[in-house]
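Since the structure comes first, as structure tokens, the remarks are kept for the end.
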Amino acid sequence: MINALRGMKDLTFEESERFVHIVTTAIKVSKKYGYSYIETPILEETKLFKRSVGESSDIVGKEMYQFMDKGDNDVCMRPEGTAGVVRSFVQAKLDRRQNEKFKFYYYGPMFRYERPQKGRLREFHQFGCESFGEASVYEDFTIIQMIGDIFKALGIGYDLQINSLGCPECMPPYRKKLIGFLTECKDELCEDCNRRIDTNPIRVLDCKNEKCQTLLTNSPKLIDNLCDSCESDFEKLVKLLKSENIDYVVDTNLVRGLDYYSKTAFEFVSNNIGSQSAIAGGGRYDRLVEFLDGKPTPAVGFALGIERIMELVQMPEVEREGYYLGAMEESLVDTLFPLASKKRATDKVTLEYAAKKLKAHLKGADKVNARYCAVIGEDEMQNGTIWIKDLVEKSETTISQSDF
RNA sequence: GUAGGCGUAGUUCAGUUGGUAGAGCACCUGUUUGUGGCACAGGUUGUCGCGGGUUCGAGCCCCGUCGCCUACCCCA
């Protein structure tokens, strides 16, 4: 027997229904906010992710499905969605259309070579949105509001964490300050943190090590070191969240794992799905378009993890629907066949090809959750009729086959 | 990469100090020669993950191996 690869999962029955429900709900909401669909390739040049997500990130450093293709190109399966969308945005020269706004939503598989566990697969699915050309913090808020709408429509609860990651003006001086602080206590920090002091000091902030976290309580906070513009944007965001009654927590250690974020960063978290608790995350990335050779274009976006959300959504009960057709004599299936074809124009129809006793047909109708069970037996054949039972009302009628 | 747990029927699981495999659910049949869900009665289903070892005898003990799950890590 051949099994699916480790960390890759098949979805069927209620699981696949839940998957589709989440995607269609997210699409419905994002369309209300003016987003349109963008489809980008799963396979991209490795360079794209090195330059956007960042070589210092774990995603690029050790988790990519990367290989040389038959044309000797260094390629990889996308580990996230934003880079491809931005590449596409630049390739289509949308960055030259200054003062225009572009809003895209996407969904599809992402690949990261990690050890699978609850809420973490090697092939997983994200739904995401990217808004280009809008520098206003109102847009940051609107995106958060939209995610809230999606979760509300899906009927799931969450905690919202926000932070500001600063901009090219305030981040570098803060970074220096932080490196100074970390170097002073480096002997007490864990191995990973020591390595990160040089490679990516900001990531030290969300180290899970308890001892490190204790030391970090006295570390300089970026939120206290923002430039005027970043600070007023963050205050405005907080004000908007308050006025719209969206609960939030400021988490000064919230650092996006991808290098391209700046200013607003946020994460939606659920505490009911195991240790992989982030169900959506995103923020502003005003410099990414530039990194990928486009004209400087402000942008904000987010992605949500469909599999993680699947753990949280309850599907509404499915009601009985459509017709089940069955014959009690083998020779009568031919009579049933055109009736089924005709009925499918308007209703869901299940046609049983094998002749069975009435009782077996009723059971069969139950099994496919049909509303009506329609059967032709000897009597009906002689009279040119069909017997129909409403499985909900428990009522039955016999009508002419031509009226069916 | 590291650590812990688990692999027995379609499924969820039980299986005693080693003695030749079981239950619920599901499925099929019947009670009802043409009336579903409920009830009752009966029935079908196994490479006990795989390979080796110990033993008269292994689902059980030992070694190896593969797979799954959870956690670290990372992140959606």
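What's counted below: heavy atoms across the whole structure, side chains too, no hydrogens, waters or symmetry copies. Order of the sequence lines fixes the chain letters, A, B, ..., with proteins taken first and strands second; residue numbering starts at 1 for each chain.
- With salt bridges taken as basic N to acidic carboxylate O contacts below 4.0 Å, none links A/Arg371 and A/Asp347.
- Using a 4.0 Å heavy-atom cutoff across all strands shown, A/Gly119 reaches at least one base atom of the nucleic acid.
- The aromatic ring centroids of A/Tyr37 and A/Tyr105 lie less than 6.0 Å from each other.
- Phosphate proximity of B/G1 to A/Arg115: absent, as no side-chain N or O sits under 4.0 Å from OP1 or OP2.
- Contact annotation: side chain of A/Arg6 to base of B/C66, donor-acceptor pair absent below 3.5 Å.
- Contacts of A/Asn3 with the nucleic acid, taken as non-hydrogen atoms under 4.0 Å apart, are absent.
- At the phosphate of B/A76, neither OP1 nor OP2 sits under 4.0 Å from any side-chain N or O atom of A/Gln276.
- Here the separation of B/C62 from B/G19, taken at their P atoms, is 16 Å to the nearest Å.
- Aromatic ring centres of A/Tyr323 and A/Phe404: separated by under 6.0 Å.
- Separating the P atom of B/C28 from that of B/U45 is a span of 16 Å, rounded to the nearest Å.
- An OP1 or OP2 oxygen of B/A71 is reached within less than 4.0 angstrom by a side-chain nitrogen or oxygen of A/Gln117.
- Rounded to whole Å, the distance from NZ on A/Lys62 to P on B/G1 is 12 Å.
- The distance from atom CD1 of A/Ile309 to atom P of B/A76 is 13 Å, rounded to the nearest whole Å.
- Rounded to a whole angstrom, the distance from the P atom of B/U11 to that of B/U33 is 36 Å.
- When the P atom is used for both B/G67 and B/C27, the distance is 34 Å, rounded to whole Å.
- For the P atoms, the distance from B/A21 to B/U16 is 14 Å, rounded to whole Å.
- The same atom, P, is picked in B/G49 and in B/C60; the two are 8 Å apart, to the nearest Å.
- Each of A/Glu307, A/Arg115, A/Arg112 was compared with A/Arg120 under the side chain to side chain contact (heavy atoms under 4.5 Å, CB included) criterion, and only A/Arg115 meets it.
- Heavy atoms from other residues, nucleotides or ligands lying under 6.0 Å from CD of A/Glu290 number more than 12.
- Heavy-atom contacts from other residues, nucleotides or ligands closer than 6.0 Å to OH of A/Tyr138 number 12 or fewer.
- The nearest whole Å value for the distance from the CE atom in A/Met8 to the P atom in B/C68 is 11 Å.
- Counting any heavy atom pair closer than 4.0 Å across all strands shown, A/Glu329 reaches no nucleic acid atom.
- B/C6 and B/G15 have their P atoms separated by 12 Å, given to the nearest Å.
- A salt bridge between A/Glu311 and A/Lys118 is present, with a side-chain N of the basic residue lying under 4.0 Å from a carboxylate O of the acidic one.
- Proximity of A/Ser275 to the phosphate of B/U70: no side-chain N or O atom is located under 4.0 Å from OP1 or OP2.
- Nearest nucleotide to the A/Asp58 side chain, out of B/A76, B/A71, B/C73: B/C73.
- Of the residues A/Ile38, A/Leu292, A/Thr40, A/Asp95, the one that meets the side chain to side chain contact (heavy atoms under 4.5 Å, CB included) test with A/Phe89 is A/Asp95.
- If you look at A/Phe111 and A/Phe124, their ring centroids are not closer than 6.0 Å.
- Computed from coordinates, the A/Lys118 NZ to B/C68 P distance equals 17 Å when rounded to whole Å.
- Around CG of A/Asp10, the count of heavy atoms belonging to other residues, nucleotides or ligands within 6.0 Å does not exceed 12.
- Taking atom CD1 of residue A/Ile144 and atom C1' of nucleotide B/A76, one finds them 16 Å apart after rounding to whole Å.
- When the C1' atom of B/A76 is taken as reference, atom CG of A/Leu121 falls 11 Å away, rounded to whole Å.
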N/O to N/O distances under 3.5 Å, protein versus nucleotides 35-39 of chain B:
from  : atom 1 : to       : atom 2 : distance (Å)
B/U35 : O2     : A/Lys389 : NZ     : 2.9
B/U35 : O2     : A/Glu396 : OE2    : 3.3
B/U35 : N3     : A/Glu396 : OE1    : 2.8
B/U35 : N3     : A/Glu396 : OE2    : 2.9
B/U35 : O4     : A/Glu396 : OE1    : 2.5
B/G36 : O2'    : A/Asp366 : OD2    : 2.6
B/G36 : N7     : A/Lys389 : NZ     : 3.4
B/G36 : O6     : A/Leu391 : O      : 3.4
B/G36 : N1     : A/Leu391 : O      : 2.7
B/G36 : N2     : A/Arg320 : NH2    : 2.5
B/G36 : N2     : A/Asp366 : OD1    : 2.7
B/G36 : N3     : A/Asp366 : OD1    : 3.1
B/G36 : N3     : A/Asp366 : OD2    : 3.1
B/G37 : O6     : A/Lys394 : NZ     : 2.3

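- Nucleic acid contact class of A/Ala303 (heavy atoms, under 4.0 Å, all strands): sugar-phosphate only.
- Distance CZ (A/Phe19) to C1' (B/A76): 13 Å, rounded to an integer number of Å.
- Both A/Leu304 and A/Gly7 lie near RNA chain B, and the one whose nearest nucleotide falls closer to the 5' end is A/Gly7.
- Atom CD of A/Glu114 is separated from atom P of B/U2 by 17 Å (rounded to the nearest Å).
- Ring to ring, A/Tyr107 and A/His125 are not that close: their centroids are 6.0 angstrom or more apart.
- Rounded to whole Å, the C1' atom of B/G22 lies 10 Å from the corresponding atom of B/A9.
- Remark: RNA chain B forms stems of 3 or more consecutive Watson-Crick or G-U wobble pairs, all pair distances under 3.5 Å, at B:1-7 with B:66-72, B:10-13 with B:22-25, B:27-31 with B:39-43, B:49-53 with B:61-65.
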